[in-house]
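Just so it is clear: chains get the letters A, B, ... in the order the sequence lines come, proteins before strands, and each one is counted from 1.
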Number of protein chains: 6
Amino acid sequence: MYELGVVYRNISRTDRATADALAALGSATVHEAMGRVGLLKPYMRPIYAGAQVSGTVVTVLLHPGDNWMMHVVAEQIQPGDIVVAAISAECTDGYFGDLLATSFQARGARALVIDAGVRDVKTLTEMQFPVWSKCISSKGTIKATLGSVNIPVVCAGMMVTPGDVIVADDDGVVCVPRAVAAKTLEAAQKREANEGAKRAKLASGILGLDMYDMRPALEKAGLRYID
Amino acid sequence: MYELGVVYRNISRTDRATADALAALGSATVHEAMGRVGLLKPYMRPIYAGAQVSGTVVTVLLHPGDNWMMHVVAEQIQPGDIVVAAISAECTDGYFGDLLATSFQARGARALVIDAGVRDVKTLTEMQFPVWSKCISSKGTIKATLGSVNIPVVCAGMMVTPGDVIVADDDGVVCVPRAVAAKTLEAAQKREANEGAKRAKLASGILGLDMYDMRPALEKAGLRYID
Amino acid sequence: MYELGVVYRNISRTDRATADALAALGSATVHEAMGRVGLLKPYMRPIYAGAQVSGTVVTVLLHPGDNWMMHVVAEQIQPGDIVVAAISAECTDGYFGDLLATSFQARGARALVIDAGVRDVKTLTEMQFPVWSKCISSKGTIKATLGSVNIPVVCAGMMVTPGDVIVADDDGVVCVPRAVAAKTLEAAQKREANEGAKRAKLASGILGLDMYDMRPALEKAGLRYID
Amino acid sequence: MYELGVVYRNISRTDRATADALAALGSATVHEAMGRVGLLKPYMRPIYAGAQVSGTVVTVLLHPGDNWMMHVVAEQIQPGDIVVAAISAECTDGYFGDLLATSFQARGARALVIDAGVRDVKTLTEMQFPVWSKCISSKGTIKATLGSVNIPVVCAGMMVTPGDVIVADDDGVVCVPRAVAAKTLEAAQKREANEGAKRAKLASGILGLDMYDMRPALEKAGLRYID
Amino acid sequence: MYELGVVYRNISRTDRATADALAALGSATVHEAMGRVGLLKPYMRPIYAGAQVSGTVVTVLLHPGDNWMMHVVAEQIQPGDIVVAAISAECTDGYFGDLLATSFQARGARALVIDAGVRDVKTLTEMQFPVWSKCISSKGTIKATLGSVNIPVVCAGMMVTPGDVIVADDDGVVCVPRAVAAKTLEAAQKREANEGAKRAKLASGILGLDMYDMRPALEKAGLRYID
Amino acid sequence: MYELGVVYRNISRTDRATADALAALGSATVHEAMGRVGLLKPYMRPIYAGAQVSGTVVTVLLHPGDNWMMHVVAEQIQPGDIVVAAISAECTDGYFGDLLATSFQARGARALVIDAGVRDVKTLTEMQFPVWSKCISSKGTIKATLGSVNIPVVCAGMMVTPGDVIVADDDGVVCVPRAVAAKTLEAAQKREANEGAKRAKLASGILGLDMYDMRPALEKAGLRYID
């Protein structure tokens with residue numbers, strides 16, 4: 001259950017350097033580095049291809065068809081933040097467009113992650129303000145009901161806490177809890193470090209079967225080759 | 001219930017200047033200007049990004065898996081029209097491809113809006129003939145059953161009447177009834193007129209909270225700030 | 001039911017020239033040429049626009065959340081093959097990324113068709129290794145359970161047999177059985193041959209109603225024109 | 001587009017005897033008798049099995065999450081009516097429960113057809129007040145925004161006009177326009193009249209192939225029997 | 001791809017005693033006994049609760065909106081058969097009602113499994129003719145296009161071959177290939193034999209942790225208990 | 001992100017009397033009493049109609065296709081508990097059947113709420129062990145991977161903490177946090193107290209318009225009656 005009508009002004013953000021460094025690794029590597037957890041549901045898609053960002057989370061809880069709290073959360077944005085917007089029930093309305101994006105960008109936000117719809121996607125693309133959303137919809141919203149800012153929320157099936165790190169790219173959106181962000185960065189960088197050598201081997205025609213020495217395990221599991 | 005097997009040749013189209021002028025405002029602004037109604041369901045997506053059109057509606061009612069009436073509606077197209085295609089039951093088949101698009105374009109059609117599938121999307125993109133559809137599918141159709149042309153239809157959940165105006169862009173598809181088209185254009189232009197100034201203020205860092213003077217209402221609603 | 005834990009090394013591939021020639025015709029024309037069958041469900045979408053390929057099928061059956069057999073199938077790829085991956089139950093995980101793509105490409109694979117998710121789509125796009133998939137997801141998989149390679153599978157609702165031909169483009173994915181590939185190619189080329197002339201006629205404003213001589217049949221079916 | 005904030009008090013209801021007589025025929029027979037049109041989408045399901053009703057339509061247009069107009073429509077109900085509730089955008093909230101059902105039943109309503117959710121289904125079942133809905137949900141609604149009563153609406157993909165007849169049973173919901181209700185009743189009764197004799201023949205083992213004399217047409221279409 | 005326009009009259013049915021004996025074991029136990037394969041997608045639901053059947057498969061391939069071949073397959077039914085109906089593309093129409101059920105029952109069919117809709121479900125329930133289907137719909141079909149009878153089909157994602165065994169109950173539908181039916185029956189009966197003793201132990205309060213001796217494996221996997 | 005491989009043995013359960021008393025009020029009234037929050041998504045449905053329960057929450061986090069932790073959570077059940085099962089990614093497998101239900105019932109569990117599938121539903125119905133689930137499926141699971149017991153989880157879109165109260169009935173499933181359970185019970189009982197009188201008034205034909213004095217507000221909002 002959510003606490004309604006509150007704005008937490010002071011949140012403990014993940015260390016800036018750590019939060020920033022995760023972007024380069026991408027959502028897939030970071031997700032693996034955490035032990036294959038933390039991923040928002042795959043229906044969350046970028047409004048344009050190619051953006052790859054990370055940032056510290058500020059959250060906003062909105063109600064169906066009502067984007068009033070978007071203006072409230074704007075004030076809590078600090079440079080390097082990513083806004084994570086959850087809705088108290090399923091909704092596909094367009095909560096966010098070019099005016100709010102202008103305001104968020106002016107405050108230093110890097111992206112929006114929203115479990116609902118957005119609009120003005122052509123302008124958002126021109127502004128290069130990336131959004132990961134459930135859908136795109138022209139449908140507007142009203143400003144009538146209080147939600148909350150910077151409470152823990154569930155967004156696209158994942159618990160997201162203010163101050164966590166979001167890593168988002170064409171593959172999806174991962175939430176890295178503040179407590180494990182440094183460790184995750186380290187693990188992800190270690191994974192990444194090996195990728196170049198592996199890619200070169202595979203490109204030369206060496207099989208993963210041999211590179212990872214999988215044949216004995218496959219044989220033990222009973223794999224039969226039939227000519 | 002639909003009247004089947006009829007083609008209405010004479011429909012009352014919205015005034016051309018009004019119909020044409022709505023394109024520039026876009027689906028989100030037009031939808032707002034009508035009081036947040038008129039939007040087709042958000043599963044209607046453009047086959048390529050960037051198209052933004054408006055035009056007068058000619059309608060066609062088709063049956064599942066049968067695109068015979070597409071050829072009948074082609075004859076009723078006048079320059080500046082947009083064809084709105086409804087299906088009498090749910091279907092994802094590809095009703096429309098490059099040949100029909102060539103014909104529609106030759107007749108002066110600006111776009112197709114169809115609550116089913118289309119195909120040849122690469123060629124349609126090259127031709128710059130925009131389509132908003134439920135899906136993309138290679139699956140072809142037969143030509144066996146009569147539907148109707150220029151009857152009122154339900155397309156993607158919205159009632160659409162011949163002669164109405166369709167406004168479509170990357171955000172979705174809005175239907176503006178002929179009776180309110182002029183009034184809607186005026187209201188939309190008024191909304192648009194203020195946007196530039198608002199955007200400049202927000203870009204300078206002024207918050208929507210202040211620009212729209214939301215703080216008293218939020219306080220009255222009981223919003224609490226917690227440090 | 002699937003046979004598990006087997007790899008068929010020798011499959012009868014469709015004649016190379018036939019398999020290669022089908023690409024140019026595209027999924028819609030090939031699907032029509034087969035009598036409107038063979039199409040995988042339209043939820044199968046390309047990860048980037050514009051790719052148009054054909055190739056001989058090697059199949060792999062995987063289990064939910066487990067991509068072990070992807071490495072096994074890599075060894076069975078011959079130049080000109082397309083890998084068709086089926087999952088033994090519904091899953092949206094990202095089974096395939098840039099490393100596997102590097103390996104597949106090194107082996108001569110032209111594409112992957114998978115009834116599940118993929119990741120690293122930005123890199124796959126840069127590599128120009130096309131994938132048709134159900135979704136995109138960062139979610140990784142484990143390597144623990146045996147599936148099979150080169151058994152007949154059901155992928156996105158369609159039976160696919162090793163050695164068949166896959167034709168895939170922006171409109172979708174069609175499977176052409178080996179036994180009918182040559183006949184299908186011929187029929188598709190015949191369809192294609194007429195398209196240029198038809199397009200020119202339609203572009204000049206001639207209606208399909210007249211070009212296809214539809215008016216008598218429509219009248220016989222009872223179509224009424226109302227002024 | 002919908003007209004908002006209006007209540008039409010005088011509607012032309014289908015003749016009572018006709019409206020009442022359609023119930024016995026059921027939604028499938030009535031749908032066939034109309035030429036296979038008029039059916040609401042099959043996601044509309046009864047909250048309990050076994051109810052089979054018909055009645056004259058009063059409509060209500062509601063907004064997402066707001067059931068205020070349910071109280072307004074209650075006053076317009078006459079004995080023998082069925083309320084058809086459309087929502088101006090997709091919503092799964094529970095708009096209707098035992099208190100409203102008590103009021104509707106006291107006014108003489110026979111059923112509710114709603115393109116959203118309902119709740120208190122155990123009590124509604126005990127009251128034997130049937131509802132056909134998109135879903136069941138405890139989620140409550142507010143009373144804040146005007147919709148309309150007795151305007152034409154789109155409910156589950158079908159245009160429904162006040163005064164039409166709804167026929168609903170375990171198979172689904174059909175809307176019979178007032179203008180064709182008498183003719184539809186007659187056609188449906190004719191279909192029904194033959195069913196008993198057909199059923200007896202089929203029960204005796206006579207095949208539909210022979211009873212309907214299908215063999216020549218199947219042969220002509222090219223059906224081949226292979227031993 | 002499917003072979004169209006053919007009826008195979010002679011199929012090799014699974015041994016009657018084996019096919020009949022599988023019903024008592026239920027879909028879950030049979031599915032486990034086959035190694036957790038063979039299950040049709042879980043959207044296949046019974047039209048009424050409580051039916052539990054098994055029988056030998058006759059298949060029919062139908063086209064969207066066309067149930068002509070239902071009459072053709074009726075003639076191929078032998079006592080103890082279950083008809084498995086696949087559609088060549090997705091469709092939710094009601095292909096089957098009380099008349100066809102009367103005919104199927106008269107021929108000795110035990111059930112219908114169909115990857116589409118059915119209607120007259122109240123009468124089917126009274127007749128105790130069970131159907132597992134994707135949905136329920138009043139929508140009728142035409143009789144215009146040839147499909148096939150007794151070819152291998154894909155139904156709800158599973159390959160089904162004539163002569164296989166279907167086991168269906170409230171939990172779902174499993175297809176047991178003829179070649180493994182006897183072995184599956186034996187394995188399923190063995191599983192079943194132990195269930196009574198297990199149930200008694202668990203009912204007495206003994207934990208599965210102890211009954212299955214899971215604690216060492218859990219500890220080895222690293223499970224930590226925190227007080 | 002979830003903590004994996006841990007079992008919290010000591011959780012603070014909501015006071016027994018409070019937890020027990022909530023059942024009688026039902027999910028809709030309790031949801032309203034909390035301010036219209038706390039509801040799990042409406043796809044969660046009971047496996048049989050009529051059950052209405054409340055109980056204290058023990059949670060279990062499982063992985064797709066793996067029900068090993070179901071045996072671990074069984075040991076943590078105390079009489080009056082309801083098990084809430086979350087899955088780390090979407091899955092429709094049947095995680096729970098009659099043997100586990102026997103064990104859970106022996107331990108005193110009142111119900112299972114699971115964001116996945118269950119099986120043996122006929123037996124569960126006979127045992128009167130209620131389950132609210134996303135689906136029903138025969139598909140079995142393996143026992144290979146550690147999840148956790150009694151950590152906070154997201155189930156069907158809602159955060160659920162061990163010791164909270166679940167209220168579930170035919171309308172859906174509500175989670176009442178321990179901190180507000182007593183207050184919610186009081187508020188729900190107050191709502192309930194007024195229902196009898198209201199129902200009597202409405203049954204007598206008094207309109208909600210008058211009983212709730214809605215006419216002035218509707219008029220002020222601009223509602224127009226048209227004769």
- Task: Might you work through the salt bridge (Lys or Arg N to Asp or Glu O under 4.0 Å) test for C:Glu32 and B:Lys139, ending with a clear yes or no?
- Result: CA-CA 8 Å; C:Glu32 290 284 351; B:Lys139 189 161 182 62; over 6 Å; no

- What part of B:Asp120 lies closer than 4.5 angstrom to a heavy atom of chain C: side chain, backbone, both or neither? both

- Message: Using a 6.0 Å cut-off, check whether atom CD of C:Glu186 has over 12 heavy atoms from anything other than its own residue.
- Response: no

- Query: Of the backbone (N, CA, C, O) and the side chain (C-beta and beyond), which part of C:Leu39 lies under 4.5 Å from a heavy atom of chain B, both, or neither?
  - Reply: side chain

- Note on the structure: Between B:Ser103 and C:Ile206 the two heavy atoms that sit nearest each other are OG-O, 4.4 Å

- Applying side chain to side chain contact (heavy atoms under 4.5 Å, CB included) to B:Ala33 and not counting sequence neighbours gives B:Thr184, B:Ala187, B:Ala188, B:Arg191

- Item | Test side chain to side chain contact (heavy atoms under 4.5 Å, CB included) applied to B:Ser133 - qualifying residues, sequence neighbours left out | B:Ile47, B:Ile114, B:Val118, B:Val131

- Task: Report yes or no: does C:His31 contribute a side-chain atom to a donor-acceptor pair with the main-chain N or O of B:Gly140 at less than 3.5 Å?
- Result: yes

- Task: Under 4.5 Å heavy-atom distance to chain C, tell me which part of B:Leu146 shows up: side chain, backbone, both or neither.
- Result: side chain

- Does a side-chain heavy-atom distance below 4.5 Å link B:Val72 with C:Met214? no

- Message: Can you tell me which portion of C:Leu40 sits under 4.5 Å from chain B's heavy atoms? Options are side chain, backbone, both or neither.
- Response: neither

- Item | Per-residue contact mode, B:Thr145 against chain C (heavy atom under 4.5 angstrom) | neither

- Item | Proximity breakdown for C:Ala49 and chain B, heavy-atom pairs closer than 4.5 Å | neither

- Query: Could you state the interatomic distance from CD1 (C:Ile226) to CG (B:Asn10), rounded to the nearest 0.5 Å?
  - Reply: 10.5 Å

- Task: Tell me, yes or no, whether the heavy-atom count around C:Lys201 atom NZ, taken from other residues, nucleotides or ligands under 6.0 Å, exceeds 12.
- Result: no

- Hey, is C:Asp227 close enough to B:Arg9 for a salt bridge, meaning N to O under 4.0 Å? yes

- Message: Enumerate the ring pair (Phe, Tyr, Trp, His ring centres under 6.0 Å) contacts for residues 4-29 of chain B, please, sequence neighbours excluded, ordered by first and then second residue.
- Response: none

- Query: chain C heavy atoms under 4.5 Å from B:Arg107: which part of the residue, side chain, backbone, both or neither?
  - Reply: side chain

- Do you know which of C:Leu207, C:Val30, C:Asp169, C:Val174 has the most heavy-atom pairs under 4.5 Å to chain B? C:Leu207

- So which part of B:Gln76 gets closer than 4.5 Å to some heavy atom of chain C, the side chain, the backbone, both or neither? side chain

- Item | Side chains of B:His71 and C:Leu218 in contact at under 4.5 Å (non-hydrogen atoms) | no

- Message: At a 4.5 Å cut-off on heavy atoms, which part of B:Met70 comes close to chain C: side chain, backbone, both, or neither?
- Response: neither

- Item | Nearest-0.5 Å distance that lies between atom OG1 in B:Thr102 and atom CD in C:Glu195 | 9.5 Å

- Proximity breakdown for C:Tyr43 and chain B, heavy-atom pairs closer than 4.5 Å: neither

- Salt bridge present between B:Glu75 and C:Arg215 (N-O < 4.0 angstrom): yes

- Item | Whether B:Ser138 side chain and C:Asp171 backbone form a donor-acceptor pair below 3.5 Å | yes

- Item | Flag side-chain contact, heavy atom, 4.5 Å: C:Arg36 against B:Ile142 | yes

- C:Leu202 versus B:Gln105: any side-chain heavy-atom pair under 4.5 Å? no

- Over all heavy atoms of both residues, which pair between B:Lys122 and C:Asp170 is shortest? Give the atoms and the distance, please. CB-OD2, 3.8 Å

- Message: Less than 4.0 angstrom from a charged side-chain N to a carboxylate O is my criterion; do C:Arg199 and B:Asp98 meet it?
- Response: yes

- So which residues of residues 81-94 of chain C are in contact with chain B at a heavy-atom cut-off of under 4.5 Å? none

- Task: May I ask you to name which of C:Ser27, C:Ser204, C:Gly172 has the most heavy-atom pairs under 4.5 Å with chain B?
- Result: C:Ser27

